[in-house]
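Contents: one structure, followed by commentary.
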Amino acid sequence: MLSPLAGVLRLASALLCLIVVASFVLFVVDQTGSASAHQQAELNHETTTTQQETQTNGRWKSGSSGSPRKTVDEAAEAVTSPFTFATEATSSEWLSRGIALALTLIVYGFGLAFVARVIRVRL
């Protein structure tokens with residue numbers, strides 16, 4: 001018999017991981033797009049004044065001002081906020097997001113799924 005609590009924990013685990021993975025994928029798409037544009041400008045000997053077009057004051061970047069993207073990034077920041085201790089020391093945005101993604105998948109993905117399995121077995 002499946003426990004309702006175990007089902008909720010598995011669903012929460014999947015949703016939390018999906019939010020952070022979606023934010024990371026959007027970040028990768030933005031970064032590769034801006035890197036491509038930067039390299040094309042360099043090859044054409046054009047000077048660019050912006051070093052990071054998508055950089056904002058916050059830890060997470062929002063390349064698009066659209067509401068769905070902003071919502072995903074804000075949700076990912078809320079989900080990964082317990083892991084800021086591990087990402088503050090790095091100056092690389094890629095490393096910071098990679099560490100946050102890995103910790104999120106370990107804690108929320110593996111951890112909550114493990115707790116759900118334990119609850120299911122014990123009940």
Side-chain angles (χ1 to χ4, degrees):
M1 180 171 129
L2 291 177
S3 167
L5 182 58
V8 169
L9 285 176
R10 271 188 274 118
L11 179 63
S13 171
L15 288 176
L16 292 173
C17 290
L18 183 65
I19 288 169
V20 176
V21 168
S23 178
F24 186 78
V25 167
L26 291 171
F27 166 75
V28 168
V29 168
D30 282 352
Q31 290 297 306
T32 55
S34 66
S36 174
H38 177 72
Q39 288 300 317
Q40 287 175 3
E42 288 288 324
L43 289 173
N44 293 332
H45 302 292
E46 297 172 1
T47 58
T48 57
T49 58
T50 59
Q51 293 181 7
Q52 290 278 353
E53 294 175 355
T54 59
Q55 187 167 9
T56 61
N57 290 335
R59 190 180 73 156
W60 299 97
K61 296 180 183 181
S62 241
S64 169
S65 61
S67 180
R69 171 66 192 268
K70 185 177 179 182
T71 303
V72 168
D73 283 343
E74 287 174 353
E77 184 174 0
V79 169
T80 59
S81 64
F83 310 122
T84 55
F85 69 92
T87 59
E88 288 176 342
T90 181
S91 62
S92 168
E93 185 75 20
W94 282 90
L95 186 58
S96 175
R97 284 189 175 248
I99 291 170
L101 176 65
L103 289 173
T104 300
L105 293 176
I106 290 168
V107 171
Y108 296 130
F110 176 73
L112 285 179
F114 179 77
V115 170
R117 281 190 301 271
V118 169
I119 288 173
R120 188 177 61 180
V121 169
R122 300 225 175 183
L123 292 179

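Each residue takes its place number in the sequence, starting with 1. Note that these values count all heavy atoms, side chains included, but never hydrogens, waters or copies made by symmetry. Note that the coordinates shown come from a computational prediction; the quantities given were computed from them, not determined experimentally.
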[X] and [Y]: which non-hydrogen atoms are nearest, and at how many Å?
| X | Y | result |
| --- | --- | --- |
| Leu16 | Thr104 | O-CG2, 4.4 Å |
| Thr87 | Ala100 | CG2-N, 4.0 Å |
| Ala113 | Gly109 | CB-O, 3.1 Å |
| Ala75 | Ile19 | CB-CG2, 3.7 Å |
| Ser92 | Leu95 | OG-N, 3.2 Å |

Nearest-0.5 Å distance, [atom1] of residue [X] to [atom2] of residue [Y]:
| X | Y | atom1 | atom2 | answer |
| --- | --- | --- | --- | --- |
| Asp30 | Arg69 | CG | CZ | 4.0 Å |
| Ser23 | Glu77 | OG | CD | 9.0 Å |
| Gln31 | Leu26 | CD | CG | 12.0 Å |

Exercise. How about Leu103 and Tyr108: do any of their side-chain heavy atoms sit closer than 4.5 Å?
Worked result: no

Problem set entry | Whether Phe27 and Phe24 hold their rings parallel, tilted or perpendicular, with breakpoints at 30° and 60° | tilted

Exercise. Is there a chain of hydrophobic side chains (I, L, V, M, F, W, Y, each step under 4.5 Å between heavy atoms) that links Trp94 to Phe83?
Worked result: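 They do share one cluster, since a chain of ILVMFWY contacts under 4.5 Å joins Trp94 to Phe83.
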
For this session: Give a yes or no on whether Val115 and Val79 share a hydrophobic cluster (residues Ile, Leu, Val, Met, Phe, Trp, Tyr; joining criterion: side-chain heavy atoms under 4.5 Å apart).
Result: yes

Exercise. Between Ser13 (side chain) and Leu9 (backbone), is there a donor-acceptor pair under 3.5 Å?
Worked result: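 Not a single qualifying donor-acceptor pair exists.
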
For this session: Spell out, as yes or no, whether a donor-acceptor pair under 3.5 Å connects the side chain of Ser81 to the backbone of Ala78.
Result: yes

Problem set entry | Test side-chain contact (heavy atoms from CB on, under 4.5 Å) applied to Leu101 and Val20, Val25, Ile106, the passing residue | Val20

